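What you see below is based on every heavy atom in this structure, not just the backbone, and it leaves out hydrogens, waters and symmetry mates. All ligand and atom numbering here is 1-based and tracks the order in the structure. Source: prediction; values computed, not measured.
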Amino acid sequence: MHNLGILLSGRGSNFEAIAKNVAAGRIPNARIAVVISNKLDAGGIEIARRLGLHALVIPSKGKDREQHDREVVAALQEHKVDLVCLAGYMRLLSPWFVQQFPHRILNIHPSLLPAFPGLEAQQQAFAYGVKVAGCTVHFVDEELDHGAIIVQKTVPVLDGDDEHTLAERILEQEHIAYSEAINVVLEGKFDVVGRRLVRTVAAG
Ligand code: GRF
């Protein structure tokens, strides 16, 4: 059984999609061991409580990064987490945190990386005038929105779009992409060659 740890700061719709897929058996041999927010008022924490999951708030305000990260890592270890999923977690992880879970931390970003890293990626893409947008699930390394790509999904940008309708269309794909990426990682049938995640096919 794989223990997932979810880190979030807000609404929690990606977490909720993962939770639904776990409950429906679409992420086999996995359970959500703990959901942690750095914000007291995160909607995702309400969802976690409603679903009867372990939900913790570990406030980040007023703490330095490494101090907060130590508290979060201690909670993840206490719940025996083996895969950490950042789902709208608005904090950059310290190098120390990343080193505690090598190739075991995933993040979702609402653009086709390496385009539009950072905040408000959907708005950045819309304002730039791209015709194709999308989302990326990637391993977390020590740089922002940077590690090896696991899954990407594209959506068209339509003439009638505004930044909100585009963001909604991307979010639908995020909810599909994250569980797909978790399954890739948990199945373990891949190598990371340079930046490239390459699926391996079992011989025989
Ligand atoms: C998503 O757009 C995700 O890609 C980004 O933050 C947003 C979180 O939304 N990293 P939610 O809290 O999962 O609804």
Side-chain angles (χ1 to χ4, degrees), residues 4-23 26-27 30 32 34-51 53 55-60 69 72 83-93 97-98 101 105-128 130 132-157 161-182 184-185:
L4 308 182
I6 310 276
L7 300 189
L8 52 76
S9 304
R11 180 177 60 181
S13 72
N14 276 286
F15 148 59
E16 191 171 17
I18 293 166
K20 277 193 185 141
N21 285 330
V22 168
R26 288 190 289 264
I27 304 179
I32 296 178
V34 66
V35 180
I36 302 173
S37 169
N38 67 313
K39 301 260 191 217
L40 259 171
D41 56 355
I45 282 294
E46 289 308 312
I47 297 171
R49 293 203 174 115
R50 181 157 48 72
L51 295 175
L53 298 170
L56 295 178
V57 177
I58 303 180
S60 52
D69 280 1
V72 173
L83 185 67
V84 180
C85 300
L86 310 188
Y89 188 59
M90 304 303 284
R91 301 267 300 167
L92 190 61
L93 303 188
F97 189 145
V98 175
F101 294 92
I105 310 175
L106 311 188
N107 181 44
I108 187 154
H109 184 73
S111 77
L112 295 172
L113 290 172
F116 313 119
L119 292 175
E120 303 193 335
Q122 308 95 323
Q123 288 87 328
Q124 290 186 54
F126 182 77
Y128 197 91
V130 299
V132 179
C135 62
T136 304
V137 185
H138 63 93
F139 286 113
V140 171
D141 66 10
E142 291 164 18
E143 290 176 52
L144 180 68
D145 299 330
H146 180 265
I149 291 170
I150 306 162
V151 169
Q152 288 187 309
K153 300 276 181 200
T154 59
V155 302
V157 182
D161 269 334
D162 59 29
E163 55 192 47
H164 304 292
T165 56
L166 176 61
E168 277 169 27
R169 191 173 309 115
I170 294 171
L171 190 63
E172 278 173 26
Q173 293 304 310
E174 292 185 42
H175 294 166
I176 298 167
Y178 215 149
S179 294
E180 214 174 288
I182 291 170
V184 168
V185 174

Self-check item: N/O donor-acceptor pair under 3.5 Å between His109 side chain and Phe116 backbone
Solution: yes
Quiz item: What are the two closest heavy atoms between His146 and His138, and how far apart are they?
Solution: N-CE1, 3.7 Å
Quiz prompt | CD1 on Ile18 to CG on Leu4, rounded to 0.5 Å | solution = 7.5 Å
I'd like a table of the close N/O pairs between ligand 1 and the protein (anything under 3.5 Å), one pair per line with both atom names and the distance.
| unit_1 | atom_1 | unit_2 | atom_2 | d |
| --- | --- | --- | --- | --- |
| ligand 1 | 2 (O) | Glu174 | OE1 | 3.3 |
| ligand 1 | 2 (O) | Glu174 | OE2 | 3.2 |
| ligand 1 | 4 (O) | Glu174 | OE1 | 2.6 |
| ligand 1 | 9 (O) | Arg11 | NH2 | 3.1 |
| ligand 1 | 10 (N) | Ile108 | O | 3.0 |
| ligand 1 | 12 (O) | Gly12 | N | 2.7 |
| ligand 1 | 13 (O) | Ser13 | N | 3.3 |
| ligand 1 | 13 (O) | Asn14 | N | 2.8 |
| ligand 1 | 13 (O) | Asn14 | ND2 | 2.9 |
| ligand 1 | 14 (O) | Arg11 | NE | 2.5 |
| ligand 1 | 14 (O) | Arg11 | NH2 | 3.1 |
| ligand 1 | 14 (O) | Ser13 | N | 2.8 |
| ligand 1 | 14 (O) | Ser13 | OG | 2.5 |

Quiz item: Which heavy-atom pair separates Met90 from Ser9 by the least distance, and what is that distance?
Solution: N-OG, 2.8 Å
Self-check item: Heavy-atom closest pair, residues Val22 and Ile27
Solution: CG2-CD1, 3.9 Å
Practice problem: Of all the heavy-atom pairs spanning Gly134 and Ile170, show the shortest one and how long it is. | Solution: O-CG2, 3.5 Å
